[in-house]
Every structure is written in structure tokens, then in C-alpha cells.
Amino acid sequence: WLALTWIANAIARQSATEERLRQAFAELEFNHQKLLAMHDLEQRVTAATDEQAVLALAAQAPLQLTNARASTVITFDEDRDRLNLDMAWGLSDRYLSGLRRRLDGGVAAGRCRTCQVLRTEASSDCPLFVDLHDLARDEGINSLICLPINHEQERVGVISAYFPSADGPPEDHVRLLNILGTSIAAMLETLRARV
């Protein structure tokens, strides 16, 4: 009886170990695919010849690299101290209309320029969610994360990625987005220096 119990426990441990190995392999494969996608995006960003092409890639990147539902590229209008919606990807026409109305109403850029949190829930008082809470809920958007776009060490805009989970993306996805955000900001700076 003791031998049978030992054999049964050994089989259970082996099954659990095999399952952990399968999960680790699946995670490794997932990460490998994301790194390949990031490499491809970085090459496309580097090959871009104008600012609009870089902004379009910046808006697409969160959807390609993470489980983001949508994304926007928001820049700061220095003359009028307000937010500009430069590019959007994945938002419904209804949500996009609401966001445009909100930004066209004149949302001050100062708060986004100095924001240190860069991650928030849809129910918050983030300038990108105020007056849009119901639309966000209807869209299945429960959080966002902003990736700063800097020019000469000053934040000039953000790439905002919208997520279905209130917790936002897992930390490894945030790292991928930050790496790509740095590449996009560098490319934008290079393009602006040429002008």
C-alpha cells in the first residue's frame, strides 16, 4: 500500500511538472512572438519618412504588442495650452466622436504634461476619460496607460493605450510599450530636427 501511494504521488508530481513546463513554453513562445512584432515595428518606425507615418505606427503599436483595445496619439498645442488628438486606432466612431468633442472643447495640456502616474482606470478624473465614462464602459474600456513622447527632454505628447482590464496590461507588456515608445519619440525628434 505504501509503495502504491508513493508511485501515485510521483506520477502526480510528474504531471504537475509537465504542466508547468508546457505553460512556460507557451509563455516563452508568446514573448518570442511579441519581440518579433516589436522588432518589425521598430524597423518600420526607423524606415518612416514623415511624422504622420510615425504617428500611425505609434497608434497601431499597442494593439499589435499587447491586448490593448484601442490607442491614441495626443500631442500638446503649446500656443493654446491644450491637447490635440493626432491619431486614433481601434476606437468606435461613437467613442472617437465623444473624445474629439471633449478635446475640441479645450482640455488643458498641463495635467498630461506633468502627469507622473501614466496609468489610470476609466472611472478616474483623467482628462482623457472625463465626460467619457459611460462611453468607455460601453466600449469595454476600463483603463489606459500613457507612454510619454519627449522632445529635447520635454514631454510633447503621449501615446495612450486603452485596455479592457481595470488593471491595464501585465508588466512585461508595459516594458515592451515603453521600449517602443522610446524608439518612436527618438524617430519623431529626428524627423523634427530635419525640418
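From a predicted model like this one, the values you see are computed outputs, not experimental measurements.
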Check: What pair of heavy atoms forms the shortest contact from G140 to R69, and how long is it?
Finding: O-NH1, 3.1 Å
Margin query: Can you give me the closest heavy-atom contact between A59 and V73, atom names plus distance?
Written below: N-CG2, 3.9 Å
Next item on the list: Kindly compute the distance separating CG (L55) from CE (M187), expressed to the nearest 0.5 Å.
Entry: 11.5 Å
Notebook entry, point to check: Applying the 4.5 Å side-chain criterion to the ILVMFWY set and letting contacts propagate, would L83 and L96 be lumped into a single cluster?
Noted result: yes
Notebook entry, point to check: What closest approach, in Å, do T66 and P62 show between heavy atoms, and which atom pair accounts for it?
Noted result: OG1-O, 2.6 Å
Item checked: Straight-line distance of C126 SG to R119 CZ, nearest 0.5 Å -> 13.5 Å
Next item on the list: Using atom types as modelled and distance alone, determine if a side-chain donor or acceptor of R102 lies under 3.5 Å from a backbone N or O of V130.
Entry: yes
Margin query: If the test is side chain to side chain contact (heavy atoms under 4.5 Å, CB included), which one of E19, Q14, R20 qualifies with T17?
Written below: R20
Next item on the list: Could you tell me whether D93 atom CG has more than 12 heavy atoms of other residues or ligands within 6.0 Å of it?
Entry: no
Check: Do the side chains of V156 and T75 get nearer than 4.5 Å, heavy atoms only?
Finding: no
Atom pairs and distances, side-chain donor-acceptor, residues 158-180, under 3.5 Å, sequence neighbours left out:
unit_1, atom_1, unit_2, atom_2, d
S165, OG, D167, N, 3.0
N178, ND2, V174, O, 3.3

Item checked: Check: R113 side chain, F76 main-chain N or O, donor-acceptor pair, under 3.5 Å -> no
Checklist line | Closest non-hydrogen atom pair, L91 against A70 | finding: CD2-CB, 3.4 Å
Checklist line | Verdict with supporting geometry, Q23 and E27, side-chain hydrogen bond (donor to acceptor under 3.5 Å, both in side chains) | finding: CA-CA 6 Å; Q23 288 174 351; E27 185 176 328; over 6 Å; no
Margin query: So does A58 get a backbone contact from the side chain of Q60, meaning a donor-acceptor N/O pair under 3.5 Å?
Written below: no
Next item on the list: Could you tell me whether D134 and R137 make a salt bridge, using a distance below 4.0 angstrom between a side-chain N and a carboxylate O?
Entry: yes
Check: Linking I/L/V/M/F/W/Y whenever their side-chain heavy atoms sit closer than 4.5 Å, directly or via other members, would L135 and V107 fall into one cluster?
Finding: yes
Next item on the list: Give a yes or no on whether the backbone of D125 and the side-chain of H133 come within a donor-acceptor separation of less than 3.5 Å.
Entry: no
Next item on the list: May I ask you to say whether D138 pairs ionically with R94, meaning some side-chain N is under 4.0 Å from a carboxylate O?
Entry: yes
Note to self: Main chain of C112, side chain of R155: is a donor-acceptor contact present, judged purely on distance under 3.5 Å?
What the structure shows: yes
Notebook entry, point to check: So how far is it from S71 OG to I145 CD1, rounded to the nearest 0.5 Å?
Noted result: 12.5 Å
Check: Of D86, L128, I149, which is the lone residue that meets side chain to side chain contact (heavy atoms under 4.5 Å, CB included) with I74?
Finding: L128
Check: Does the pair I184 and L57 meet the rule for a side chain to side chain contact (heavy atoms under 4.5 Å, CB included), with working shown?
Finding: CA-CA 8 Å; I184 288 169; L57 290 167; 5.6 Å; no
Checklist line | Hydrophobic cluster membership, L63 vs L99, 4.5 Å side-chain cutoff | finding: no
Margin query: To check you understand the geometry: which heavy-atom pair defines the closest contact between D50 and Q52, and what is its length?
Written below: OD1-N, 3.1 Å
Margin query: Donor-acceptor pair, distance only, cut-off 3.5 Å: does the side chain of R82 make one with the backbone of D104?
Written below: yes
Notebook entry, point to check: Judged by atom type as modelled, is there a donor-acceptor pair below 3.5 Å linking the side chain of R80 to the main-chain atoms of G106?
Noted result: no
Next item on the list: Let me see the working for L103 and N84 under side chain to side chain contact (heavy atoms under 4.5 Å, CB included), right down to the final yes or no.
Entry: CA-CA 7 Å; L103 296 181; N84 288 328; over 6 Å; no
Check: Mind checking whether L147 and W89 sit in one hydrophobic cluster, side chains of I, L, V, M, F, W, Y counted as touching below 4.5 Å?
Finding: no
